[in-house]
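Here is how names work: the chains are called A, B, and so on, in the same order as the sequence lines, proteins then strands, and each is numbered from 1.
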Amino acid sequence: MVKVATWNVNSIKARLGHVLDWLETAKPDLLCLQEIKCPATDFPTLELTSAGYHAEILGQRAYNGVAILSREPARDVLRGLPGGDGDEQARYLEATVAGVRVAAIYLPNGNPVGTDKYDYKLAWMARLARHARTLIDSEQVCVLAGDFNVVPTDDDVYDPVAWRDDALCRPETRAQFRRLLHMGFIDAFRVLHAEPHRYSFWDYQQGRWLRDQGLRIDHLLLSPQAADRLVAVDIDREPRGCDKASDHTPVWCELAL
DNA sequence: ATGGTAGCCTTGCTA
């Protein structure tokens, strides 16, 4: 069995204790991190190595940054999403671990709509779709894991009307996300959970966590070969309730490999 | 209409 997880930690330095606690209790074989918010030189590799995990890092000062933690060392590491000539933002890291080709994804937020930020989001999603096609064609066990900054349907947000014009919910955003589904990637959570209003992110403001007013934007997209092996998947809400929590909580799945 | 929170690192940006 291989357990794969994703977690936007909103600064690895601020969240190191939470991450170490979660690794110890959840024991994932693979954990994709987003928003580590530091260069690789500042990443707490030593502490994570002591906890039994290797770390592959694509860092960036202050913003963004992704990493892959794994019990087995990673092979064939790809740093950055192909096709991004001159793209400085650290948002994509891909590697093979324990028979799984995994991608740690921090997809651009895109707000406000109507600015270059939204254009960048849609262009980034088009690039992701092009690269995802090559992953599908490779017929590997593959998991796209990360903060997609996409609310797939109105069942995945507490107030769809209020969020209708947000970059995370816009029809163009959802259509780009569905391109990944149409080419054969499967939303792991929805394979085993039909219930609406299950969230992976709650804003720090306005008591969103206390009122369970969140969004489901952290996803595990499985290639057909991975989906065939899916035995369990869930969102672990517990870390979101801790003191000094990230605004996101881990999503995990188990593959029978 | 505004500001509410958090992290980074400034005097604002990103989310």
Same-atom distance ([atom1]) from [N] to [M], integer angstrom:
N	M	atom1	value
B:dT10	B:dA1	C1'	27 Å
B:dA6	B:dT2	P	23 Å
B:dT14	B:dC9	C1'	12 Å

Next on the checklist: Other residues, nucleotides and ligands only: do more than 12 of their heavy atoms fall within 6.0 Å of CZ on A:R75?
Outcome noted: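 It does not: A:R75 CZ has 12 such atoms or fewer within range.
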
Checklist entry - For A:R229, does the CZ atom sit with more than 12 other heavy atoms under 6.0 Å from it, leaving out its own atoms? => result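 Incorrect, the count does not exceed 12.
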
Checklist entry - For the side chain of A:S11, counting heavy atoms from C-beta on, which of B:dA15, B:dT10, B:dC8 is nearest? => result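 Of B:dA15, B:dT10, B:dC8, B:dC8 is nearest to the side chain of A:S11.
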
Next on the checklist: With a cut-off of less than 4.0 Å, is there a side-chain N or O of A:K117 near OP1 or OP2 of B:dT14?
Outcome noted: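 So the side chain of A:K117 is within the cut-off, an N or O lying under 4.0 Å from OP1 or OP2 of B:dT14.
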
[atom1] of [X] versus [atom2] of [N]: gap in Å, rounded?
X	N	atom1	atom2	value
A:Y63	B:dC8	OH	C1'	7 Å
A:I12	B:dA6	CD1	P	19 Å
A:D243	B:dT5	CG	P	16 Å
A:R211	B:dG4	CZ	C1'	11 Å
A:N64	B:dC8	CG	P	13 Å
A:N109	B:dA15	CG	C1'	6 Å
A:R61	B:dG7	CZ	P	18 Å
A:N8	B:dT5	CG	P	20 Å

Checklist entry - What nucleic acid atoms does A:Y106 come within less than 4.0 Å of, heavy atoms only: base, sugar-phosphate, or nothing? => result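 Sugar-phosphate contact only.
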
Checklist entry - With sugar-phosphate meaning primed atoms plus P, OP1 and OP2, does A:R15 contact a base, only sugar-phosphate, or nothing at under 4.0 Å between heavy atoms? => result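 Sugar-phosphate only.
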
Checklist entry - Where each residue is assigned the nucleotide of DNA chain B containing its nearest heavy atom, which of A:D203 and A:R91 is assigned the position nearer the 5′ end? => result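 Between the two, 5'-proximity favours A:D203.
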
Checklist entry - Where each residue is assigned the nucleotide of DNA chain B containing its nearest heavy atom, which of A:D247 and A:K13 is assigned the position nearer the 5′ end? => result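 Residue closer to the 5' terminus by nearest nucleotide: A:K13.
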
Checklist entry - About how many Å separate CG of A:L48 and OH of A:Y53, when rounded to the nearest 0.5 Å? => result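 Separation between the atoms: 9.5 Å.
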
Checklist entry - So among A:I12, A:T6, A:V66, which one has a side-chain contact (heavy atoms from CB on, under 4.5 Å) with A:L33? => result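 With A:L33 as partner, side-chain contact (heavy atoms from CB on, under 4.5 Å) holds for just one option, A:I12.
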
Checklist entry - With a 4.5 Å limit on heavy-atom distance, are the side chains of A:V97 and A:H54 in contact? => result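 A:V97 vs A:H54: side chains apart.
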
